[in-house]
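One-based numbering, in listed order, for ligands and for the atoms of each. Bear in mind that the values here come from a model prediction, so they are computed numbers and not experimental data.
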Amino acid sequence: MAKGRPRVAILMGSKNDWDVMKAAEQALEELGVASDARVISAHRTPDRLVRYLAGAEESGIEVVIAGAGAAAHLAGVCAAHTELPVLGVPIASSDLGGFDALLSTVQMPGGIPVATFAIGKAGAKNAGLFAAAILARSDEALRERLHKFREAQAAAVPERPY
Ligand code: RP5
């Protein structure tokens with residue numbers, strides 16, 4: 001686990017979402033950014049959500065990643081309770097395959113923004129990378145690590161398919 005004070009909160013509606021959301025933690029970890037993962041449901045634990053977000057900024061959190069499936073209100077409710085940037089990750093955990101969560105997360109009313117990512121693990125990974133990109137604007141060492149990550153990623157793609 002990356003050391004230091006967590007700068008990114010990784011919230012999820014259920015413990016069952018962790019298999020997807022750990023991709024966000026891993027992406028941040030690779031870039032040396034500490035995160036704080038919590039199970040917080042907009043529906044089942046609304047008091048925990050309000051309490052956590054009330055203290056988040058003071059505890060050093062700068063970006064909130066919120067992943068949820070089904071009637072996925074977590075990211076939107078987080079955005080209602082904090083002025084920190086909120087990155088939403090829709091999760092395919094219901095019979096509707098994530099399309100429900102995508103629409104619940106993306107379709108925010110004007111004034112309360114949520115940046116919505118792809119459904120599932122790719123979305124969680126990209127939310128982690130995007131959070132790092134936000135933090136990197138005021139952190140030169142992180143900017144350099146992000147740059148090296150992109151270079152290594154490009155170098156790992158073969159030019160020929162055979
Ligand atoms: C959502 O409902 C959670 O984010 C989860 O993806 C889904 C189902 O939750 P569990 O019944 O598996 O706990 O709130």
Side-chain angles (χ1 to χ4, degrees), residues 1-136 142 146 149 153:
M1 213 181 258
K3 289 199 185 79
R5 203 184 229 214
R7 299 176 73 186
V8 179
I10 301 174
L11 312 183
M12 64 214 81
S14 166
K15 190 174 184 298
N16 297 325
D17 296 332
W18 178 237
D19 188 47
V20 170
M21 294 309 292
K22 67 185 176 198
E25 189 195 49
Q26 279 159 11
L28 288 162
E29 163 97 38
E30 269 182 53
L31 295 166
V33 178
S35 60
D36 181 33
R38 305 273 175 134
V39 176
I40 294 182
S41 166
H43 304 128
R44 292 168 174 159
T45 64
D47 294 346
R48 190 186 299 174
L49 183 148
V50 171
R51 221 174 27 245
Y52 184 82
L53 290 175
E57 216 170 316
E58 208 177 306
S59 76
I61 298 295
E62 294 172 72
V63 182
V64 175
I65 297 174
H73 297 124
L74 182 62
V77 177
C78 284
H81 284 279
T82 182
E83 288 165 17
L84 293 170
V86 176
L87 317 185
V89 180
I91 295 177
S93 58
S94 82
D95 291 340
L96 297 183
F99 197 51
D100 44 358
L102 173 65
L103 295 183
S104 301
T105 307
V106 78
Q107 202 59 25
M108 290 297 292
I112 304 293
V114 166
T116 304
F117 288 78
I119 297 169
K121 285 183 185 173
K125 178 178 184 175
N126 281 345
L129 293 173
F130 198 87
I134 293 172
L135 300 178
L142 177 56
L146 198 52
F149 164 81
Q153 182 169 252

### Query
Looking only at N/O atoms, are His43 and ligand 1 under 3.5 Å apart anywhere?
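In this structure, His43 places no N or O atom under 3.5 Å from an N or O of ligand 1.
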### Query
Hey, is ligand 1 close enough to Gly69 that some N/O pair sits below 3.5 Å?
yes
Just which atoms of ligand 1 are under 4.0 Å from any heavy atom in [X]?
X     : answer
Ala68 : 4 (O)
Asn16 : 10 (P), 12 (O), 13 (O)
Ser14 : 3 (C), 4 (O), 5 (C), 9 (O), 10 (P), 12 (O), 13 (O)

I'd like to check [X] versus [Y] (side-chain heavy atoms, cut-off strictly below 4.5 Å). Are they in contact?
X     : Y     : result
Val89 : Asp17 : no
Leu11 : Cys78 : yes
Met21 : Ile91 : yes
His73 : Val77 : yes

### Task
Could you tell me whether ligand 1 has any atom less than 4.0 Å away from a heavy atom of Asp17?
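Yes.
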### Task
May I ask whether Arg44 has any heavy atom positioned less than 4.0 angstrom from an atom of ligand 1?
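Contact present.
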#### Entry: Closest to atom 7 (C) of ligand 1 among Gly13, Ser41, Ser93 (heavy-atom distance)
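Among Gly13, Ser41, Ser93, the closest heavy atom to atom 7 (C) of ligand 1 comes from Ser93.
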### Message
Let me confirm one number: the CG-CD distance from Leu129 to Glu30, rounded to the nearest 0.5 Å.
### Response
8.0 Å
### Task
Any chance you could measure Asp36, atom CG, to Ile65, atom CD1, to the nearest 0.5 Å?
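The distance works out to 11.5 Å.
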